[in-house]
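Proteins get letters first, then strands, A, B, ... in listed order; numbering begins at 1 in each.
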Amino acid sequence: MTEDSTTLDKTYNAADVEEALYARWEKAGEFAAHPESKAAPYTIMMPPPNVTGSLHIGHALTFTLQDTLIRYNRMTGKDALWQPGTDHAGIATQMVVERQLAESKGPTRREMGREAFLARVWSWKEQSGGVITHQLRRLGASPDWKRERFTMDEGLSRAVTKVFVELFRQGLIYRDKRLVNWDPKLHTAISDLEVESRDVKGKMWYFKYPVDGMPDTFITVGTTRPETMLGDTGVAVHPEDERYKALVGRCVILPLVGRKIPIVADDYADPEKGSGAVKITPAHDFNDFGVGKRNNLAMINVFDRDAKLNENAPQKFQGLDRFKVRDMVVAEMEALGLLEKIEANAMQVPYGDRSGVVIEPWLTDQWYCNAEVLAQPCIKAVEEGRTRFVPKNWENTFFEWMRNIQPWCISRQLWWGHQIPAWYGPDNHPFVASSEDEAYADAKKHYGKDVELRRDEDVLDTWFSSALWPFSTLGWPDKAPELARYYPGDVLVTGFDIIFFWVARMMMMGIHFMGDVPFRDVYIHALVRDEKGQKMSKSKGNVMDPLDLCNVYGTDAVRFTLTAMAAQGRDIKLAETRIAGYRNFITKIWNAARFSQMNECVIVPGFDPKGVKTTLNKWIVAKTVEAARGVAEAIEAYRFNDAATVMYQFTWNIFCDWYLEFAKPVFSSQAGGSDEAAKAETRAATAWVIDQILIIGQPMIPFVTETLWEKLAEAAKIKRAGFLMQQPWPKYDIKPSPEAEAEMDWVVDVITKIRSVRTEMNVPASLQMAATLKDASTGAKARLVTHNALICANARLASLKADDAVIANAAQVVVGEGTVLLPLEGVIDLSKERERLAKEIAKKDADIANDDKKLTNEGFIAKAPPEVVDEIRERRAGAVDARAKMNEALARISA
RNA sequence: GGGCGGUUAGCUCAGCGGUAGAGCACACGCUUCACACGCGUGGGGUCGCAGGUUCAAUCCCUGCACCGCCCA
């Protein structure tokens, strides 16, 4: 189509360039950090996605923002390290592989045995582990891939062992028997954070327990979980409850079981609720556990790991599922006449966030981390501002959780993960050590002889290893130079949903082992929802695949949309129309470049924007400087939406809509004279501004900008010094130009007003008339001369000359310092023009009255800042002047 | 129950003490020599409700209503 192979096509085709361009960046080492350099470091630790996961829209948001920060800081001359990697994601990954085994009717993991199963998981990791990192590349993310880490890498695993051993020796990790959240499907303990409570319409059953030694006397207890009664070891009443005072100290006979259990007084019983008496099952309820401990009640565990009834329950229930037993217990109690009533009861039921089954509080031995101790210096660090949350309100959420933190259960009954470095002797005495040899040595010392040791089968919570991410990836515990250089990081970018899971724990481990916070800023971004504000989920069918969107609209459009919508403190409701809108913006940039190319706007080596002569060019240079500064300030303040807005408005609404339109008459002017100099300068300035747009846009929209950077140079036969992404962020030594701005504002105002009147008076677009400027001030006359071609071209006039003569059939446009008369013989309807002017005058009247209200208010004059008063006085004067001109204009056409 | 956030144009959202903004959508007009993924012009808002502070409130304070999220 094009005559010249270097001429740009009409539209930008993202799909044609993105992958190849990315590969070239990566191959050229553009993403690499340079620990040997003298530049100040800038570090972002990438939150490691699940190794077997795939990219969702939330990833697209978080990685776009991080990439924008990294690319921007790289351009400002910092030695930027964006540390990438993936997480082994213990439960999630193990579940996937187990599901595969089940689907292929293969052996279960227990049938396979630990070694074979782990080999299987590793091979799955090898096979699918590259998916997400490949997808990150499609998104344009620019981390230092050569430094990619995996949480189960040798080095990172060593870090895990060292941390575990040290914390154990410091007494901050310990083994304890207490209730855990047990997942009966996955057969593992999970932490509080992995439990989600769901609202459920349940029931409250009221059972009558016969009091021992008092025939026909019963005590009624309410329960939402009848099956747990088989493990009851007490009944609690409030110490002040008169109804039951006499019964405290006696026992009840537990129906169906026959066990004699005591009635105890405990504050936990709420006299206002139900009967005021509660059954106590210490082995299966977190509250009851506390009551049981306080009152020395027995702890009877009646469930097995599948949450089926075990040998501690009466024989007929053994081996049956908890929910089956629930029905049986209720039926039997009813048959015995011990079921008093059933009420509907709204309640919350705990579910495992991975398995989706009801979680069972279960009494087991687990490893715990004393989070309370580790949390204290983190709280202090945030209080003192050594780590800063952006937006700040998340600090409250952080404090709230950290100040009420519970022991962190860190052991998981899984195989995929870091196996706990603990070995047990014959008497179950634990030996925690860095290696098996060390454990054996310790054991020999302890027992005075060689003994057989058994390694703890369990692995650590996935978040235990990710908590070390900010330093384990840098080489810790070895003394790597990177540690000193890149720790602490500058900012951590993440969603609020993992403040507790991850942010808080990185702070605990970072402060404890590195002696300093792991990052200075924590930028918490929004969650991406669908356009109706609903969470995206596969079951709802409303997920948007970021890569599909990239394929349709181009990666830059997707990135720019997410950036533009990333306002602080608000969730993002993403509508596809927005992406299409920003795709159009990308095309607009493309076409601006195409226009400049067609008009032979070529970068002039040594072009100095400070030295431009024409008002037009002074103006656009000043505007460009302003835009670049605006983008930089916004990115540095994490106001990504502002950065996008500045970029968008400058490029489209200033550069394309006005400057390029103004440049057209300059480019098409006849050869010869001073015009030739102006033409050359405008060409050079246009090329320069486009370059600046590419530079400041690069962090947000790297593909189209880099592509244009190359293509423009190629067409102009210019050699660029390297990729756009390594260009220095511009530092202009250019002052604002208020005179040029005022002058161009006037030109814009004149054009806009003439266009407006033309449309309102239904003047055909093709009609070009010879207009005059009546009562023009000296300044206006000068401007008219300078910008005559621009005004005529853009307002579609044949000519515009200063002339005080009255024209009979004219539309009259009041502008600053004059009135434009548009002769419209045969086109204009004078009555309509009178109406129009009257309306404008009325508008001015209203404005002036509004200002007068203020200016006649003594309080306002006395108390408002003088500059505000002056501003309103000036505004009023301007309006009065304009109104006078309008009145004159109206008088001229009123017979 | 506790905490946090939201309520601004038809939709999605900025703004957060000095006469209300954007994108999309809508209406009208444009084959204006980069772009119809475009150009121009326009309509559309008592800034959730009620009080208070202030010369001045969409913006600050109090209360209420509704919506959402987190934690019990």
Worked verdict on A:Asn617 versus A:Tyr659 for side-chain hydrogen bond (donor to acceptor under 3.5 Å, both in side chains)
CA-CA 9 Å; A:Asn617 291 329; A:Tyr659 180 79; 2.5 Å; yes
The test is salt bridge (Lys or Arg N to Asp or Glu O under 4.0 Å); show your working for A:Glu395 and A:Lys392 and say whether it passes.
CA-CA 6 Å; A:Glu395 288 178 6; A:Lys392 200 169 168 49; 3.1 Å; yes
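Here B:U41 is the nucleotide among B:A34, B:C55, B:U41 with the atom lying nearest to any side-chain atom of A:Thr759. Out of B:C55, B:U19, B:U41, the shortest distance to the side chain of A:Lys863 is found at B:C55. With distances taken from any side-chain atom of A:Lys854 to the nucleotides B:A34, B:G18, B:A14, the minimum falls on B:G18. Residue A:Asp657 has its side chain nearest to B:C39 when only B:C39, B:A14, B:G18 are considered. Candidate nucleotides B:G18, B:A14, B:C37 were compared by shortest atom distance to the side chain of A:Asn584, and B:C37 ranks first. Considering only the side chain of A:Asn857, B:C55 comes nearest among B:C55, B:U19, B:U41. Considering only the side chain of A:Ala765, B:C30 comes nearest among B:G18, B:U41, B:C30. Considering only side-chain atoms of A:Ser756, the nucleotide from B:C37, B:U41, B:C35 that sits closest is B:U41. Considering only side-chain atoms of A:Phe496, the nucleotide from B:U19, B:A34, B:C69 that sits closest is B:C69.
Following rounding to the nearest Å, A:Asn641 (CG) and B:C13 (C1') show an atom-to-atom distance of 9 Å. Following rounding to the nearest Å, A:Met761 (CE) and B:G29 (P) show an atom-to-atom distance of 17 Å. Rounded to an integer number of Å, the gap from CD of A:Glu874 to P of B:U19 is 14 Å. The nearest whole Å value for the distance from the CZ atom in A:Phe560 to the P atom in B:G23 is 13 Å. Going from atom CE of A:Met647 over to atom P of B:G23 covers 16 Å, rounded to whole Å. Note: CG (A:Asp9) to P (B:C35) measures 13 Å, nearest angstrom. Note: CZ (A:Phe500) to C1' (B:C69) measures 12 Å, nearest angstrom. Nucleotide B:A56 holds its C1' atom 12 Å from the CG atom of A:Leu855, rounded to whole Å.
A:Ala592 comes within 4.0 angstrom of a base, heavy atoms only. Residue-level contact check: A:Ser596 touches neither bases nor backbone, having no heavy atom under 4.0 Å from any strand. If you check every strand for non-hydrogen atoms under 4.0 Å, A:Arg578 touches a base. Among the heavy atoms of the strands lying under 4.0 Å from A:Arg796 is at least one base atom, whether or not backbone atoms are also near. Using a 4.0 Å heavy-atom cutoff across all strands shown, A:Lys10 reaches sugar-phosphate atoms only and no base atom. Residue A:Glu871 is classed as having no contact, given no heavy-atom separation below 4.0 Å to the nucleic acid. Within 4.0 Å (heavy atoms only), A:Pro764 reaches no atom of the nucleic acid at all.
Here the separation of B:A27 from B:A9, taken at their C1' atoms, is 15 Å to the nearest Å. Nucleotides B:G43 and B:C26 are separated by 9 Å at their C1' atoms, to the nearest Å. For the P atoms, the distance from B:U8 to B:C67 is 15 Å, rounded to whole Å. The gap from the C1' atom of B:C49 to that of B:U58 amounts to 14 Å, rounded to the nearest Å. Nucleotides B:C60 and B:C16 are separated by 10 Å at their P atoms, to the nearest Å. B:C66 and B:G29 have their P atoms separated by 47 Å, given to the nearest Å. Distance noted for atom C1' between B:C37 and B:U7: 34 Å (whole Å). Here the separation of B:C30 from B:G21, taken at their C1' atoms, is 27 Å to the nearest Å.
Taking a pair to require two hydrogen-bonding distances under 3.5 Å in either a Watson-Crick or a G-U wobble arrangement, B:U53 remains unpaired. Under the Watson-Crick and G-U wobble criteria, each requiring two contacts below 3.5 Å, nucleotide B:C35 is left unpaired. Using the Watson-Crick or G-U wobble rule with both distances under 3.5 Å, B:C66 pairs with B:G6. B:C59: no Watson-Crick or G-U partner with both key distances under 3.5 Å is found in any strand. Within the shown strands, nothing qualifies as a pairing partner of B:A20 under the Watson-Crick or G-U definition with both distances less than 3.5 Å.
A:Tyr648 and A:Tyr582 have their aromatic ring centers within a separation under 6.0 angstrom. Taking the six-membered ring where the residue is Trp, the centroids of A:Phe662 and A:Trp658 are separated by under 6.0 Å. Ring centers of A:Trp590 and A:Tyr12: under 6.0 Å apart, within the cut-off.
Applying the 4.0 Å criterion to OP1 and OP2 of B:U19, one finds that A:Arg875 has a side-chain N or O inside that range. Between A:Trp394 and B:G3 there is no side-chain N or O to OP1 or OP2 distance below 4.0 Å.
A donor-acceptor contact under 3.5 Å links the side chain of A:Lys664 to the base of B:A34. A donor-acceptor contact under 3.5 Å is formed by the side chain of A:Lys588 with the base of B:C35. For a distance-only test at 3.5 Å, the side chain of A:Thr577 fails to qualify as a donor-acceptor partner of the base of B:C24. Looking at A:Glu661, its side chain comes within 3.5 Å of the base of B:A34 through a donor and an acceptor atom.
Both A:Gly581 and A:Ser766 lie close to RNA chain B; mapped to their nearest nucleotides by heavy-atom distance, the more 5′-ward contact belongs to A:Gly581. Comparing A:Asp847 and A:Gln649 by the nucleotide of RNA chain B whose heavy atom lies nearest to each, the residue mapping closer to the 5' end is A:Asp847.
Around NZ of A:Lys832, the count of heavy atoms belonging to other residues, nucleotides or ligands within 6.0 Å exceeds 12. Counting non-hydrogen atoms of other residues, nucleotides and ligands closer than 6.0 Å to CD of A:Glu867 gives a total above 12.
Heavy-atom minimum distance, A:Asn641 versus A:Ala564: CB-O, 3.2 Å. Smallest separation of non-hydrogen atoms from A:Leu800 and A:Asn788: O-ND2, 2.7 Å.
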